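Proteins come first, then strands; the chains are lettered A, B, ... in the order of their sequence lines, and each starts at number 1. Please read all numbers here as calculations on a predicted model, not as lab measurements.
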There are 2 protein chains.
Amino acid sequence: MTSERTYHHGDLRRTLLAAALDVIAAHGPDSLSLRDLARRVGVSHAAPAHHFKDRTGLLTALAAEGYALFADALADAPGLQERGVAYVRFATRHPAYFQVMFRPELYRADDPALLAAKARATQALRAGIGDLPDAARGEDDRLAGIAAWSLAHGFATLLLTGNLSDALEGRAPETAFRSLTGLIFTTRGGAEG
Amino acid sequence: MTSERTYHHGDLRRTLLAAALDVIAAHGPDSLSLRDLARRVGVSHAAPAHHFKDRTGLLTALAAEGYALFADALADAPGLQERGVAYVRFATRHPAYFQVMFRPELYRADDPALLAAKARATQALRAGIGDLPDAARGEDDRLAGIAAWSLAHGFATLLLTGNLSDALEGRAPETAFRSLTGLIFTTRGGAEG
DNA sequence: TATGGATCTAGTCACTGACAAGATTCAGGG
DNA sequence: CCCTGAATCTTGTCAGTGACTAGATCCATA
């Protein structure tokens, strides 16, 4: 498919997304250029526009994909603590997705596909704090949920920005996060799913 | 000074930084353009280069200033919990500084002035977890320090990206964060400075 | 094999960051 | 008072980018 070049690429959309992930993982979302992407893939500079309309469109597609994968990763994790670990693991394994997802100014936050995937991820994140909807929960449970989210998100973010590299001293991030949460949440018995 | 326009601006450097803060607070660091900045201030498009060399230079200066203000804000806060509240308050009051500070790809992380300011902020952040250096502390204290940092940073980051707007339901962020930390850290007695 | 839609190319425009060369202003010494 | 050097700012230019338009090519299908 990709070896013999024809006029029609075959799966340009998928190829562009993959290339974009590479670039973002290596140099961040800011340095992502549609023209550079087109050059890498070997198409004209305007080809990406047909699949994504514009740069924001491509990043919107990436964010939607990211939220879908994120929801899967969270849903597979048993218990609150392991869901936090899965959160951190996702950030380290898929830094490109993660960075785009949490920079809403990069994409169209009202995109239907993205909203659906994000809702699924939010759902997976909330599960286990209590299976009740937000409104039916106690104030403390809601705050604890925000706390757990903040803890995982802060750890992941600091990690990706290089702010924990010396503090961890070579420890695996996931392991450090697991023992860290154990330290905090054991007294409240928050480790059950 | 600013009313009567002469060839020499008077304090162009300061004026450019202020304008940059406005733009970043309104539209994020990505949309910051040196040429737009020059237009706003009323100088030629190349004038900013003399003070900051390039775009990265301007953002480096902003980050350094931000870390200095951040260190002050943290140092003024009594106790670990209030230091966390100060962390969140800084993020909400100075979103432009905060965003730039925690996106190291935007600036020159090896800049001496920036390193000094950042070291001061790190010092202020660590104070109270234990006045010992990292290496002399117990494993648990070190992890608890990372946890506290992650919690505050995650909360602040989620807040600025709009991810907590519905979860907080109109509550003041600082207040919510205070009760949230109280919920978690009370059992460990981590509220003393 | 003809047709219409999907996919991709080529050309262009305004904008940006970076650089180079020159103009203006200021401070200080003769 | 003028002269000189340094600091500050302007003008001109170049390559790279996102976005848009028109047109070329290919494919399915009838």
Whole angstrom value for the distance that separates P of D/dC9 from CZ of B/Arg13: 12 Å

Atom pair distance, as rounded to whole Å: CZ in B/Arg14 and P in D/dT8: 16 Å

Whole-Å distance separating the CG atom of B/Asp11 from the P atom of C/dT25: 19 Å

Listed once per pair and sorted, the side-chain hydrogen bond (donor to acceptor under 3.5 Å, both in side chains) pairs that draw on residues 34-49 of chain A, sequence neighbours left out: A/Asp36-A/Arg40

Any residue meeting salt bridge (Lys or Arg N to Asp or Glu O under 4.0 Å) with B/Asp54, in chain and number order, not counting sequence neighbours: B/Arg108

Spacing of A/Leu34 atom CG relative to C/dT16 atom P, expressed in whole Å: 18 Å

Results of side-chain contact (heavy atoms from CB on, under 4.5 Å) for A/Asp111 - residues two or more places apart only: A/Thr60, A/Ala113, A/Leu114

Listed partners of B/Ala77 passing side-chain contact (heavy atoms from CB on, under 4.5 Å), at least two apart: B/Glu82, B/Arg83, B/Ala86

Gap between atoms CG and P, on B/Leu12 and C/dT25 respectively (whole Å): 16 Å

Set of residues satisfying side-chain contact (heavy atoms from CB on, under 4.5 Å) with respect to A/Leu32, sequence neighbours excluded: A/Ala20, A/Val23, A/Ile24, A/Leu37, A/Arg55, A/Leu58, A/Leu59

Neighbours of DNA chain D within residues 47-62 of chain B, by heavy-atom distance under 4.0 Å: B/Ala47, B/His50, B/His51

Which atoms of nucleotides 10-15 of chain C (N or O only) lie under 3.5 Å from a protein N or O atom, and what are those distances?
residue: C/dG11; atom: O6; partner: A/His45; partner atom: NE2; Å: 2.7

Salt bridge (Lys or Arg N to Asp or Glu O under 4.0 Å) involving A/Arg171 - partner list, sequence neighbours excluded: B/Glu139

Backbone N/O of B/His27 and side chain of A/Glu105: donor-acceptor pair under 3.5 Å: no

Qualifying residues under side-chain contact (heavy atoms from CB on, under 4.5 Å), relative to B/Leu12, sequence neighbours excluded: B/His9, B/Leu16, B/Val41, B/Val43, B/Ala47, B/His51

